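Treat the numbers as computed from the prediction; the structure is a model and nothing was measured.
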Amino acid sequence: MTVQALAIRKLTPESLPAAHALIEASFRGKEAEKGWCSEAEFFTSPRITPEGMLEKFNNPDTTFLAGYDASGTLVTCCEIVKKEGNVGYFGLFAVDPSKQGGGIGSYVLNEAERYACMELGCKTMEMQVIDRRDTLIAYYIRRGYVQTKETRPFPYGLFGEGTILRDDLCFTVLVKELVA
């Protein structure tokens, strides 16, 4: 598929289950191993629960963007949160593992940055990435993000016992100035 055929629109409540399934397929389990975004080496638990998705969706400061191919199939989604100080937070970014490597991720990241800047008035986009994910950090740096010296603790308390396979995880913060 070409990225030009991708239709980007806001996620609806009806499409939350499909977005949840896409996120899980992108980050966990056998399907995720087809792509390069798998976190299966770090976790045995879900990336997010359906209840967690709904809570984020219902937050008035959160927007989920979704990308659909020409047949109407959801192939990508992301979360944008309007934070204080004209900062947008980018997260829960997922691309169907079988479609990774074809430019969809870069296209959607650009669309998310455009949306944050033009629709939410954000001047900066921020994200946090698990510090052990060197390939992913390098991907964002190639797209203009700067890895700050700031780290944030990993929320081990949100996960059940035995679901996190490492005890040395933290987040590194990346930022990018947005231009209108």
Quick one: does Lys83's side chain get under 4.5 Å of Asp61's, heavy atoms only?
no
Could you tell me whether Arg152 and Glu126 have a side-chain N and a carboxylate O separated by less than 4.0 Å?
yes
Any heavy-atom pair between the side chains of Leu92 and Met53 that's under 4.5 Å?
yes
Carboxylate-amine/guanidinium contact Glu177 Lys123, below 4.0 Å:
no
With no hydrogens and no angle check, is any side-chain donor or acceptor of Tyr156 less than 3.5 Å from a backbone partner on Leu169?
yes
Separation between CE of Met125 and CG of Asn86, rounded to the nearest 0.5 Å
12.5 Å
Supply the atom-to-atom distance Tyr115 OH to Lys82 NZ, rounded to the nearest 0.5 angstrom.
11.5 Å
Hey, does the side chain of Ser15 reach the backbone of Thr12 with a donor-acceptor pair shorter than 3.5 angstrom?
yes
Decide side chain to side chain contact (heavy atoms under 4.5 Å, CB included) for Phe64 and Cys78; before the verdict, give the C-alpha distance in whole Å, the side-chain angles of both, and the deciding distance to 0.1 Å.
CA-CA 6 Å; Phe64 279 97; Cys78 67; over 6 Å; no
Is any side-chain heavy atom of Ile80 less than 4.5 Å from a side-chain heavy atom of Thr62?
no
Do side-chain atoms of Gln100 reach the backbone of Val95 as a donor and acceptor pair under 3.5 angstrom?
yes
Do the side chains of Tyr68 and Val75 get nearer than 4.5 Å, heavy atoms only?
no
How many angstroms lie between SG in Cys77 and CG in Leu11, if you round to the nearest 0.5 Å?
6.5 Å
Please tell me whether Val108 and Val129 are part of a single hydrophobic cluster in this structure, the criterion being side-chain heavy atoms less than 4.5 Å apart.
yes
Got a sec: does the CD of Glu150 have more than 12 other heavy atoms crowding it under 6.0 Å?
yes
Interatomic distance, CG@Asp131 vs CG@Asp168, rounded to 0.5 Å, equals 7.5 Å
Looking at Arg143 and Tyr139, would you say the former's side chain and the latter's main chain have a donor-acceptor pair under 3.5 Å?
yes
Just wondering, do Met127 and Tyr140 contact through their side chains at under 4.5 Å, heavy atoms?
yes
Rounded to the nearest 0.5 Å, how far apart are CZ of Arg114 and CG of Leu109?
12.5 Å
With a 4.5 Å limit on heavy-atom distance, are the side chains of Leu174 and Ile141 in contact?
yes
Dump the intermediate steps for side chain to side chain contact (heavy atoms under 4.5 Å, CB included) on Leu54 and Lys56, then the final yes or no.
CA-CA 5 Å; Leu54 183 60; Lys56 285 177 174 284; over 6 Å; no
Closest approach of Leu6 to Gly67 (non-hydrogen atoms, all atoms of both residues):
CD1-C, 3.9 Å
Side-chain (Tyr145) to main-chain (Ala138) donor-acceptor, under 3.5 angstrom
no
Check: Val173 main-chain N/O paired with Thr148 side-chain donor or acceptor under 3.5 Å:
yes
Between Arg133 and Phe171, does a side chain to side chain contact (heavy atoms under 4.5 Å, CB included) hold up when you go through it step by step?
CA-CA 10 Å; Arg133 309 249 354 249; Phe171 291 112; over 6 Å; no
Check whether Thr76 reaches the backbone of Ala94 with its side chain - one donor and one acceptor, N or O, closer than 3.5 Å.
yes
Nearest 0.5 angstrom please: Glu111 CD to Ser106 OG, how far?
12.0 Å
Any heavy-atom pair between the side chains of Tyr107 and Ile8 that's under 4.5 Å?
yes
Trace of the side chain to side chain contact (heavy atoms under 4.5 Å, CB included) decision for Tyr89 with Gln128
CA-CA 9 Å; Tyr89 175 81; Gln128 55 188 30; 3.3 Å; yes
With a 4.5 Å heavy-atom cut-off, do Val81 and Thr63 have their side chains touching?
no
Leu120 with Phe90, same ILVMFWY side-chain cluster at under 4.5 Å:
yes
With no hydrogens and no angle check, is any side-chain donor or acceptor of Ser26 less than 3.5 Å from a backbone partner on Leu22?
yes
